[in-house]
Undergrad: 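Handing you a structure now.
By convention in this document, chain letters (A, B, ...) are assigned in the order of the sequence lines, proteins followed by strands, and residues within each chain are numbered from 1. All values below were derived from every heavy atom in this structure, side-chain atoms included, with hydrogens, water molecules and symmetry-related copies excluded.
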Number of protein chains: 2
Amino acid sequence: MSPKITTELLKQLRQVMKNPKYVQEPVQAYIVPSGDAHQSEYIAPCDCRRAFISGFDGSAGTAIVTEQHAAMWTDGRYFLQAAHQMDNNWTLMKMGLKDTPTQEDWLVSVLPEGSKVGVDPFIIPADQWKRMSKVLRSAGHDLVPVKENLINTIWTDCPQRPCKPLITLDLSYTGVSWRDKIVALRSKMAERKVMWFVVTALDEVAWLFNLRGSDVEYNPVFFAYAVIGMNTIRLFIDGDRIMDPAVREHLQLDSTLEPEFKIQVMPYGSILSELQAVGAGLSPKEKVWLSDKASYALTEAIPKAYRYLTPYTPICIAKAVKNAAETEGMRRAHIKDAVALCELFNWLEKEVPKGTVTEIIAADKAEEFRSQQKDFVELSFATISSTGPNGAIIHYKPVPETNRTLSVNEIYLLDSGAQYKDGTTDVTRTMHFGTPSAYEKECFTYVLKGHIAVSAAIFPNGTKGHLLDSFARSALWDCGLDYLHGTGHGVGSFLNVHEGPCGISYKTFADEPLEAGMIVSDEPGYYEDGSFGIRIENVVLVIPAETKYNFKNRGSLTFEPLTLVPIQTKMIDVNLLTEKECNWVNEYHQKCREVVGAELERQGRHEALRWLLRETEPLARVQ
Amino acid sequence: MSPKITTELLKQLRQVMKNPKYVQEPVQAYIVPSGDAHQSEYIAPCDCRRAFISGFDGSAGTAIVTEQHAAMWTDGRYFLQAAHQMDNNWTLMKMGLKDTPTQEDWLVSVLPEGSKVGVDPFIIPADQWKRMSKVLRSAGHDLVPVKENLINTIWTDCPQRPCKPLITLDLSYTGVSWRDKIVALRSKMAERKVMWFVVTALDEVAWLFNLRGSDVEYNPVFFAYAVIGMNTIRLFIDGDRIMDPAVREHLQLDSTLEPEFKIQVMPYGSILSELQAVGAGLSPKEKVWLSDKASYALTEAIPKAYRYLTPYTPICIAKAVKNAAETEGMRRAHIKDAVALCELFNWLEKEVPKGTVTEIIAADKAEEFRSQQKDFVELSFATISSTGPNGAIIHYKPVPETNRTLSVNEIYLLDSGAQYKDGTTDVTRTMHFGTPSAYEKECFTYVLKGHIAVSAAIFPNGTKGHLLDSFARSALWDCGLDYLHGTGHGVGSFLNVHEGPCGISYKTFADEPLEAGMIVSDEPGYYEDGSFGIRIENVVLVIPAETKYNFKNRGSLTFEPLTLVPIQTKMIDVNLLTEKECNWVNEYHQKCREVVGAELERQGRHEALRWLLRETEPLARVQ
């Protein structure tokens, strides 16, 4: 991995920072954040501006370029990668270390008095703008919006914004029509006395209209905005794709409809001017609802007094609670996914001892088996296929330089998932193809105990997920072990594999309460640097629980695993399990047998079925 | 309980709201918060202005009076009490109910356009001013500071501000001299590059100077402020008490000292003008450190650019970590407290069957036994002595109207504590003096399991207390039971029984990480409305734990109970305990026997000793 040479690019950028064609006044610093205009987690190639200017292409990082300096802020996952990918024009700012200045403090320390700091107002979220602007202003500088993205002005071979065909989802997948979703949304708007709602997150647009796309890798979304009024629907989207008869039919674009359900299709690029027109036409008490993560540009289009900002939008919250059709779809997707993984693990068991299977080969094989399943669309994230010390790198993705061969002497960790038309999967299994050491089994068993503690937890309706995080750690903590990531995230239904507003993590506090129908991951782990990584992840559905006293009718909740892939019993030290935990494993494996076994049988995959049956033999506790 | 007649008082208040003698311009609304100028939890009689104007004397509530209306906001604990104590001039605003407006929203809905809303700038915390002012301003109104407290202008028989003698604490109690505390504070100030620190919380002033007072009931504090510079110390305090030779000697007021340790004593009332003088004399980059809960008046004395505000001050954080002398003092105090409670419970066991012991008599008896112990100063909070249905009222305090007689048919809950010169106690025990029902024992045992789960928890250094809250609930949750309060609070060392910055509660997120030497309560409960209440509370000390792997040298923590009072085994359903839990109870009781038994022996309290020995017989689990 040799660094990108950026001397010439930085020179060009510094020129446009002073070019009156692009900036009203010269800017002394220019910020290049990671995101796109929708604050997406995964972004399209045309939005990888920070990677273009610096060479560093990790998922998180912010570049700031001044007349004299170029600096990159990123977190511990990427210190090594950033250092390798950037040339010596760049200073690496290691976030999380005590002596690393914040971006604002650093700017204040290097800028001449009364400087202007430029940023693309479409890329920076409004809440971040506010924070940064405040600090800069109090030090005598100004944060200024630069409408034309300055990276785009020098990025001559910038790829085009993707504009791929749309997929329409009928009621058998979505359970609710887009019309009914609009009706529900308007009723939420009426409750909060807002007249307009601006949909800025890509997965929210996709969910609302029961459409999917493939503009971004892994997330089945498409570039679009929507503005919903009490009597109007405007969809901002580009390309021929809206001419597709199936899409037109789905959106009823050519039907005679009540005016309040008539969708006006407008160019993607016209969102700002349209929103400004909405903003200009508001009468007193007419509020406009936006996410507080919406871009500064769109937020500013609405005069401050008319803005109604919330951390989670009503769509985000509605989307998180899956209906019966979505839940059934998710179940189907997870059964197919389990079939693929049974095939994979059976294959690995035979091939690994030959010494020919690398991490990349294993990942490709997993994708191959998944792609054989009905309604497979794509992977839901980059497969983490890691063996030995690579397993301890939490966000590892094998590349030729790091690609390790699987062996009977090392633990193998596979964290992978797919998008099927009926659901999204995300599963991690940790396997040993030889004989694990007592220490490896001990660590694995603590992780398993944590996994079970969350999965089997019973809690009152209205409990926030972050209150369950410690359950996953308790067994590890008892022995002085821990893991430095959250325990779970929300999972979309044929949508983003990471979605809000719920999750299970010590890091968040603003998560929405869990309710029946929500779907999250349960994925505790343990990582021994330079040696191995262990993680056990199921996707689980929040379901009502039966309890003796039922919280005075408040209602009880628990989880049902949707993932049905055997947990390697060879890795379990049965004597560390309680009777209850042992029963949990046996019942889980019994369900894998029944449900996935039937599907393997149906698909005629007899060898994988034999593997499943062997791997799901009941554990016996020594008394 | 008949309501206070407030017609005349409200008339007078509405007059002064327009009187140019007190207000620059008439105010259309006047806010009367609960607190004092130090944002204390317990306040002196002279600060009970809200109770004076309304009649409602619960611990939490805010009154707002306009030309037409008088409204009182309080929470669920006080709906009944407020309704009883207030006459029909007042509207009760039930906080936490869906349809109850916030104070700001209500003001906006009732005020004529362009109104002024007045408040005493010394009583309202700066963060609350900011929030309220913003909402009012955006609706066209103004929040204005009214320097003279308008309640004081009409409160003709307002009690004097207390000014009681001070208690000096020597090194054997405090472990660290006030000089060394100043040195440590200045080093924290230097770290953050601030030149001044303003001490506004009463317990912080008391802790810093190793002084105690009795200006406020239960909290051994005195009215004072302090302003610490890098070379100066100013203590703002009234009265002759500073002329006491012991105090002068303790503060070295008459010695020749290095100038940076020379304490300048100034009148309590001069804090604002002195702080304004500090504010006016600042040169660029000279910051002043204040709590963000400090009053608006003091915060405004420092120009905005020079303020350094934090939720927890360095004193609050240092005070929370008890040193060896303080820890030893806390241990001694808890042994004495246990002696008093063994006496009490032995006495109750004999007297309750006679039907002559009321809740008030029991509370008084507890105080009597405590007052016999060495260095007893006062109670640390109003004793919660409650039997039967009164036990379900979480913040119950027996008064003649509610006073119930203890019997062999009802559960008795006693939550009580004391201030000793060497430490502060807070303990809850739930007892039955007859035969508890199977259901009562079941609930008690779940609460006990929760208590043990926290007390025996092992966790990595740096864990925040709120992450342990769910451990206390897990056993209750499994059966569909819960309790609607946090699990623990910080406890001062001969200081406030409730102190920050740590605690164990699902409600907080901004708590500071637990570290060895911190002291918190562990008090899960269960409450059955109209029937009974159960709570088991120990004060526990954070100590290093031994773990197999010690979190890669990050260090392990756990708790050691300081409270050593038997947990009634009669209430325990042993079959619901695991072996580990059963051992915990037996080991705890063994320690009570040894430590408290020795002290009972020493004090010649043989009957109580026999009671203790009987109550601490080991539990035997049926296999």
Undergrad: Taking atom CG of B:Leu481 and atom OG1 of A:Thr547, what is their separation to the nearest 0.5 Å?
TA: 8.0 Å
Undergrad: Working to the nearest 0.5 angstrom, can you tell me the gap between A:His466 NE2 and B:Asp469 CG?
TA: 9.0 Å
Undergrad: Which region of B:Lys507, side chain (C-beta onward) or backbone (N, CA, C, O), has a non-hydrogen atom less than 4.5 Å from a non-hydrogen atom of chain A, or is it both or neither?
TA: backbone
Undergrad: So which part of B:Leu484 gets closer than 4.5 Å to some heavy atom of chain A, the side chain, the backbone, both or neither?
TA: side chain
Undergrad: How long is the straight-line distance from OH of B:Tyr446 back to NZ of A:Lys548, given to the nearest 0.5 Å?
TA: 4.5 Å
Undergrad: Rounded to the nearest 0.5 Å, how far does SG of A:Cys479 lie from CG of B:Asn550?
TA: 12.0 Å
Undergrad: For the pair B:Asp482 and A:Arg554, find out whether any cationic side-chain nitrogen is under 4.0 Å from an anionic carboxylate oxygen.
TA: yes
Undergrad: Enumerate donor-acceptor pairs with a distance under 3.5 Å from any side-chain N or O in residues 104-113 of chain A to protein atoms, sequence neighbours excluded.
TA:
from: A:Asp105; atom 1: OD2; to: A:Thr102; atom 2: OG1; distance (Å): 3.4
from: A:Ser109; atom 1: OG; to: A:Trp106; atom 2: O; distance (Å): 2.7

Undergrad: Nearest 0.5 angstrom please: B:Thr463 OG1 to A:Tyr506 OH, how far?
TA: 10.0 Å
Undergrad: Would you tell me whether B:Tyr549 and A:Glu442 have side-chain atoms, one donor and one acceptor, within less than 3.5 Å of each other?
TA: yes
Undergrad: So which atom in B:Lys552 and which in A:Tyr526 form the shortest heavy-atom distance, rounded to 0.1 Å?
TA: CE-OH, 3.7 Å
Undergrad: Give, as side chain, backbone, both or neither, the part of B:Tyr483 having an atom under 4.5 angstrom from any heavy atom of chain A.
TA: neither
Undergrad: Quick check: does any side chain N or O of A:Ser470 sit under 3.5 Å from a backbone N or O of B:Leu467, one acting as donor and the other as acceptor?
TA: yes
Undergrad: Considering only heavy atoms, give the residues of residues 452-460 of chain B separated from chain A by less than 4.5 Å, sorted numerically, with 'none' for an empty result.
TA: B:Ile458, B:Phe459, B:Pro460
